[in-house]
Amino acid sequence: MSSTAADYDVIVIGGGPAGENAAAYAVAGSDRTAAIVERELVGGECSYWACIPSKALLRPGHVLAAARAMPGVSATGLDVEAVLRRRDAFVHDHDDSSQAEWARNNRIDVVRGSGRLTGVRSVEVGGRQLRARHAVVLATGTTANVPDVPGLRAALPWTSRDATNLHEVPRRVAVVGGGVVASEAATWLATLGAEVTLLVRGAALLAAAEPFAGERVAAALTEAGVRVRCRTEPTAVERPAAKDTGEGRIHGGPVTVRLRGPDGESALEVDEIVVAAGRAPATEGLGLDAVGLPGGYVAVDDHLTARDVEGDWLYVVGDLNRRAALTHMGKYQGRVCGDVIAARAEGRPLDDPRFVASSDHGKVPQVVFTSPEVASVGLTEAAARDAGHTVEIVELDIAVAGSALSRDDYAGHAKLVVDSATDTLLGATFVGPEVGEQLHAATIAVVGRVPLSTLWHAVPAFPAVSEFWLRLLEARRP
Ligand SMILES: Cc1cc2nc3c(=O)[nH]c(=O)nc-3n(C[C@H](O)[C@H](O)[C@H](O)COP(=O)(O)OP(=O)(O)OC[C@H]3O[C@@H](n4cnc5c(N)ncnc54)[C@H](O)[C@@H]3O)c2cc1C
């Protein structure tokens, strides 16, 4: 296919995990051309400021706890500098040349700069016009939300970018939020030696999960010395000596956080405040108005095509479509989207299930890498009942030979949400050390609608932790 310097078959704005996959799948096995427009680092938030560095910071704490729970193994503690150096290696010191090389190897041009839609199939980057023959994909993700609390912005709080890329550990930290990012950040900050107070607006941590998950994580954080303060929110923040010292450095002098909680008003002095209070769509300057879209998240159909734009040329993948703000789900959407673009470009029908992002609907797997971990897929009991399902609940503590052998202090809990009408799994939640590794079996059962009578014949190996599946199935034997 011929192309001028400014013409591509596919233009992707945003080179995070979702955009990368959309571009790669759209051109795979063809002579189509693609460009990824990226204003920061190819690899996106996930690679440099989110999943990868956070998990690099969390893992040493998990290993240490496991070693401490094992008689005969001596574990003295963490070498914080070494932990931070390992994190730096995983984020490639914020050098994206290997990701850019991956793009080149997949015949994808990387265009550096901010992309802006200027009309149908048209994108402008730094004064240069790019035109797409087939598709434009928006994959710009989200940015951290800083709540409108008096004095908070002026205090230059840490966002998840600073917390994941910390270069010094504040002695006293307040983490604002009660979701996944806040719970994980409180976990690694405490492991690295900070005195952490978690300020949770709601009644519990991890409100979207089964209630026992948030309860167990809160109990473990409390045992680790974190002060978990629920129904508590900042009303004002004062930091007279705020200073922009750079990412992951303490941003000036002490911070006074004024709070409203169940016991009335109070104040807390800390050395840093971390805001983990949700995300906002990265659409500023994206030119959504040029194609008749309002700002904010962009709704898509199951082919990842923007709902309110005619012509099936505009696609949205990843966090920006608000279907499932997780890297693996953004990548999944990228794969579906790329396949759809390729099929439409070649005039093939979209009559195969792989052209439909069906897993976005009630089949999303997620691991929260707190200590203990929370692994879940599909619907919680509450979500299933809200959706009108008649459900049977099976739950028990994880206590099998494999769990006892893996750690002397193993404590875990598992819950299945079974659709009574079809005897299949609607959802599963596991809490315990390293239960993330147990999740994929549940995901297969949920996505494959495997009857529990068939799962009975999926025999877990002895003595593995996965034997708790047998106990769950035994618990509902007639
Ligand atoms: C602290 C933290 C930990 C997380 N941990 C996990 C985890 O363990 N597992 C998991 O599955 N998910 C995790 N997530 C969520 C995960 O990071 C996101 O779901 C994922 O990054 C979304 O991918 P994306 O491609 O949609 O967007 P992003 O990764 O945000 O990438 C978007 C890219 O678009 C670029 N961009 C934006 N606007 C423009 C523009 N106008 N022009 C050019 N480029 C632009 C940005 O620079 C960025 O590179 C975590 C999130 C946070 C904050």
Side-chain angles (χ1 to χ4, degrees), residues 11-23 35-59 90-91 94 96 99-100 110-117 123-126 130 136-145 158-166 175 177 179-189 274-288 297-298 304 315-334 337 364-370 373-375 436 439:
I11 299 170
V12 178
I13 307 181
E20 286 179 332
N21 273 268
I36 287 178
V37 182
E38 175 52 57
R39 68 180 177 193
E40 289 189 279
L41 298 175
V42 181
E45 199 73 13
C46 170
S47 301
Y48 306 97
W49 295 281
C51 329
I52 298 291
S54 60
K55 270 75 253 181
L57 292 172
L58 285 161
R59 183 68 188 152
F90 269 100
V91 298
H94 290 188
D96 69 354
Q99 291 291 113
V110 173
V111 179
R112 302 282 179 177
S114 276
R116 183 170 65 89
L117 287 166
V123 174
E124 189 248 337
V125 189
L130 308 180
V136 175
V137 182
L138 305 181
T140 56
T142 55
T143 55
N145 214 15
W158 275 14
T159 67
S160 51
R161 283 196 162 198
D162 299 282
T164 53
N165 282 275
L166 82 174
V175 178
V180 176
V181 175
S183 302
E184 288 186 349
T187 303
W188 80 68
L189 285 163
V274 180
V275 176
R279 313 280 302 170
T283 54
E284 206 183 312
L286 189 56
L288 293 180
Y297 290 101
V298 185
L304 286 317
Y315 297 77
V316 188
V317 293
D319 282 11
L320 185 61
N321 64 30
R322 209 180 202 175
R323 283 164 71 106
L326 290 159
T327 287
H328 46 276
M329 296 312 292
K331 290 165 82 168
Y332 163 73
Q333 293 168 8
C337 169
V364 175
Q366 175 166 23
V367 179
V368 184
F369 292 84
T370 40
E373 288 181 356
V374 177
L439 186 61

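One-based numbering, in listed order, for ligands and for the atoms of each.
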For atom 48 (C) of ligand 1, what is the nearest protein heavy atom, given as residue, atom name and distance?
-> Glu38 OE1, 3.5 Å

Give the residue and atom name of whichever protein heavy atom lies nearest to atom 52 (C) of ligand 1, and the separation in Å to one decimal.
-> Ala50 CB, 3.4 Å

Taking only heavy atoms of His328, which atoms of ligand 1 are found under 4.0 Å from at least one of them?
-> 11 (O)

Can we say Arg39 and Glu284 salt-bridge, meaning some charged N sits less than 4.0 Å from an Asp/Glu carboxylate O?
-> no

So which bit of Val367 gets within less than 4.0 Å of ligand 1, heavy atoms only: side chain, backbone, both or neither?
-> neither

For Lys55, the ligand 1 atoms with a heavy-atom partner under 4.0 Å come out as 5 (N), 6 (C), 7 (C), 8 (O)

Which residue holds the protein heavy atom closest to atom 30 (O) of ligand 1, what is that atom called, and what is the gap in Å?
-> Glu45 CB, 3.4 Å

In terms of residue, atom name and distance, what is the protein heavy atom nearest to atom 12 (N) of ligand 1?
-> Thr327 N, 3.4 Å

What part of Arg279, side chain from CB on, backbone N/CA/C/O, both or neither, has a heavy atom under 4.0 Å from ligand 1?
-> side chain

Check each atom of ligand 1 against the heavy atoms of Ile13 and keep those under 4.0 Å away; list them by number with element.
-> 40 (C), 42 (N), 43 (C)

For Leu326, counting its heavy atoms only, list the atoms of ligand 1 lying under 4.0 Å from any of them.
-> 10 (C), 11 (O), 12 (N), 19 (O)

Does a sphere of radius 6.0 Å around OH in Tyr297 hold more than 12 heavy atoms from other residues, nucleotides or ligands, not counting ones at 6.0 Å or beyond?
-> yes

Within a distance under 4.0 Å of any heavy atom of Val37, pick out the atoms of ligand 1 and give their elements.
-> 43 (C), 44 (N)

Numbering the atoms of ligand 1 from 1, which are under 4.0 Å from a heavy atom of Ala325?
-> 15 (C), 19 (O)

Lys331/Glu20 salt bridge by N-O under 4.0 Å criterion | no

shortest atom 26 (O) of ligand 1-to-protein heavy-atom contact is with Asp319 N, 2.9 Å

Of the protein's non-hydrogen atoms, which lies at the shortest distance from atom 34 (O) of ligand 1, and what is that distance?
-> Gly14 CA, 3.2 Å

Report the nearest protein non-hydrogen atom to atom 4 (C) of ligand 1: residue, atom name, distance rounded to 0.1 Å.
-> Cys51 N, 3.6 Å

Give the atoms of ligand 1, by number and element, whose distance to some non-hydrogen atom of Leu41 is under 4.0 Å.
-> 49 (O)

Per-atom contacts of ligand 1 with Ala139, taking only distances under 4.0 Å to non-hydrogen atoms = 32 (C), 33 (C), 34 (O)

Min over Ala282, Ser160, Gly318, Ala18 of heavy-atom distance to atom 1 (C) of ligand 1 lands on Ser160

Above 12 or not: heavy atoms from other molecules or residues under 6.0 Å from CZ of Arg322?
-> no

